[in-house]
Asker: 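The structure's right below; bear with me while I get my questions together.
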Protein chains: 2
Amino acid sequence: MNDAPWMHGLHADTGYLLYRLGQRSGSAFNAALEQHGLRLRHHAILRYLATVDGARQRELADRLGYDPSAIVSLLDDLQQLGLAERRPDPADRRSRLVVLTPAGHALLRTADHDSRRVTEDLLAPLSPADRATLNDLLQRISTL
Amino acid sequence: MNDAPWMHGLHADTGYLLYRLGQRSGSAFNAALEQHGLRLRHHAILRYLATVDGARQRELADRLGYDPSAIVSLLDDLQQLGLAERRPDPADRRSRLVVLTPAGHALLRTADHDSRRVTEDLLAPLSPADRATLNDLLQRISTL
DNA sequence: GAACAATCATTGTTGATGTCAATGATTGTT
DNA sequence: AACAATCATTGACATCAACAATGATTGTTC
């Protein structure tokens with residue numbers, strides 16, 4: 001990614017700032033996760049799976065806002081890395097229950113750690129109090 | 001774009017929030033600019049050109065953080081719409097000076113207006129004071 | 001219970017995007 | 001004069017999101 005000097009008092013619009021910062025944090029996350037063979041979307045799935053332990057793919061697509069077809073290939077990756085498994089759903093033979101493997105849980109911990117470092121770098125110029133308010137404000141406009 | 005309920009106390013990491021919100025505002029901007037036949041990147045170029053009046057393409061690429069080859073096709077679009085022109089650079093026959101046409105200036109005004117509306121929608125849940133602090137915080141982490 | 005609609009995962013396609021290397025023209029340098 | 005560097009441009013390439021279509025299964029309705 002590029003860290004071009006696109007800020008010169010211009011483009012001070014908040015929405016545009018969000019867009020550019022989103023790009024920057026996205027690629028920073030991806031760079032950090034690259035060493036594990038993962039990208040941001042894989043990580044999001046791992047995170048979600050860690051909280052529910054057993055999710056249908058459709059549920060993942062809905063909750064994370066990804067296309068079902070995207071879920072397929074992301075899970076292929078995770079499965080090949082031994083981080084997640086697709087198990088038959090005893091209640092519905094159409095669907096699969098996706099669960100984290102022990103390796104998945106383990107990797108998630110270190111990946112979470114890496115992600116937190118990325119975020120800290122991103123928020124470096126801000127005081128702890130500022131970071132808290134920023135997180136709060138973002139949360140409020142994200143919950144729609 | 002999807003407005004999925006990807007927020008449930010999970011994914012509360014600020015960097016991840018920035019990433020998702022960036023995606024959302026990006027597609028919102030693109031949707032708003034679509035009626036003019038433009039996308040976000042075109043708009044960014046128009047904005048930059050409005051402030052300098054006469055920029056080489058290389059300068060655009062550097063300042064906006066886009067690949068020079070991307071600049072080419074973006075300018076092709078703008079030129080075909082009659083919003084910008086490539087003029088010979090009197091100082092260097094390799095390069096071209098890109099300038100806004102009167103139509104470009106005019107469109108930029110209405111596009112700016114549209115963009116502001118998008119931003120307002122995005123920040124709807126926030127009070128004016130909150131919006132100001134958000135803009136300030138984002139600006140501080142964007143200036144790198 | 002038989003027919004039909006809806007759902008789930010999956011595949012394939014398409015279009016947009018970004019990255020990279022290579023090219024032709026021109027300029028700067030030695 | 002020779003050579004390296006720069007500018008715009010083109011083309012190849014991987015990546016990726018968005019969509020439609022499919023096969024298997026389930027839910028619904030008459």
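Proteins come first, then strands; the chains are lettered A, B, ... in the order of their sequence lines, and each starts at number 1. No hydrogens, no waters, no symmetry mates; every other heavy atom, side chains included, goes into these values.
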Asker: Is the shortest side-chain N/O distance from B/Arg93 to OP1 or OP2 of D/dA8 below 4.0 Å?
Answerer: no

Asker: Starting from P on C/dA25, measure out to CD on B/Gln57 and report it in whole angstrom.
Answerer: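 Whole-Å distance recorded here is 17 Å.
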
Asker: Calculate the interatomic distance between A/Glu59 atom CD and C/dC8 atom C1'; express it in whole Å.
Answerer: 13 Å

Asker: Take the protein atom CZ of A/Arg39 and the nucleotide atom C1' of C/dG18, then report the distance between them rounded to whole Å.
Answerer: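 A/Arg39 atom CZ is separated from C/dG18 atom C1' by 14 Å.
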
Asker: Would you kindly give the CG-to-P distance between B/Asp67 and D/dT15, to the nearest whole Å?
Answerer: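 Result: 17 Å.
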
Asker: To check you understand the geometry: which heavy-atom pair defines the closest contact between A/Ala111 and A/Leu33, and what is its length?
Answerer: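 Closest approach of A/Ala111 to A/Leu33: CB-CD2, 3.9 Å.
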
Asker: Measure from NZ or CZ of A/Arg47 to the centre of the six-membered ring of B/Tyr16 and say whether it is under 6.0 Å with the direction within 45° of the ring axis.
Answerer: yes

Asker: Could you tell me whether B/Arg116 and B/Asp112 make a salt bridge, using a distance below 4.0 angstrom between a side-chain N and a carboxylate O?
Answerer: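 Looking at B/Asp112 together with B/Arg116, the answer is no, because their closest N to O distance does not fall below 4.0 Å.
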
Asker: Within the structure shown, what part of the strands sits under 4.0 Å from B/Ser95 by heavy-atom distance: base, sugar-phosphate, or nothing?
Answerer: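 The residue B/Ser95 makes sugar-phosphate contact but no base contact.
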
Asker: Please state whether the phosphate of C/dT10, meaning OP1 or OP2, lies under 4.0 angstrom from any side-chain nitrogen or oxygen of A/Arg96.
Answerer: yes

Asker: Counting C-beta onward and ignoring hydrogens, is there a side-chain heavy-atom pair between A/His36 and A/Asp114 closer than 4.5 Å?
Answerer: yes

Asker: Please give, in whole Å, the distance from D/dA17 P to B/Asn30 CG?
Answerer: 15 Å

Asker: Would you say the base of C/dT27 and the side-chain of B/Arg94 have a donor-acceptor pair closer than 3.5 Å?
Answerer: no

Asker: How close or far is atom P of C/dT10 from atom CD1 of A/Ile71, stated in whole angstroms?
Answerer: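 It is 11 Å, rounded to the nearest whole Å.
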
Asker: Return the value, rounded to whole Å, for the distance between atom CG of A/Asp92 and atom C1' of D/dG27.
Answerer: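 A/Asp92 atom CG is separated from D/dG27 atom C1' by 10 Å.
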
Asker: Hey, which of these two, A/Ala91 or A/Ala70, hits DNA chain D nearer its 5' end, going by closest nucleotide?
Answerer: A/Ala70

Asker: Is the shortest side-chain N to carboxylate O distance from B/Arg93 to B/Asp89 below 4.0 Å?
Answerer: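 So B/Arg93 does not pair with B/Asp89 through a salt bridge.
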
Asker: With a 4.0 Å limit, can you tell me whether B/Arg86 has a side-chain N or O closer than that to the phosphate oxygens OP1/OP2 of D/dT9?
Answerer: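 Yes, within the criterion.
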
Asker: Measure from the side chain of A/Val72, starting at C-beta and using heavy atoms only, and say which of C/dG18, D/dA8, C/dT10 lies closest.
Answerer: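 Looking only at heavy atoms from C-beta outward on A/Val72, the closest nucleotide is C/dT10.
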
Asker: Between C1' on C/dT11 and CG on A/Leu74, what's the gap in Å once rounded to a whole number?
Answerer: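 Atom CG in A/Leu74 sits about 15 Å away from atom C1' in C/dT11.
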
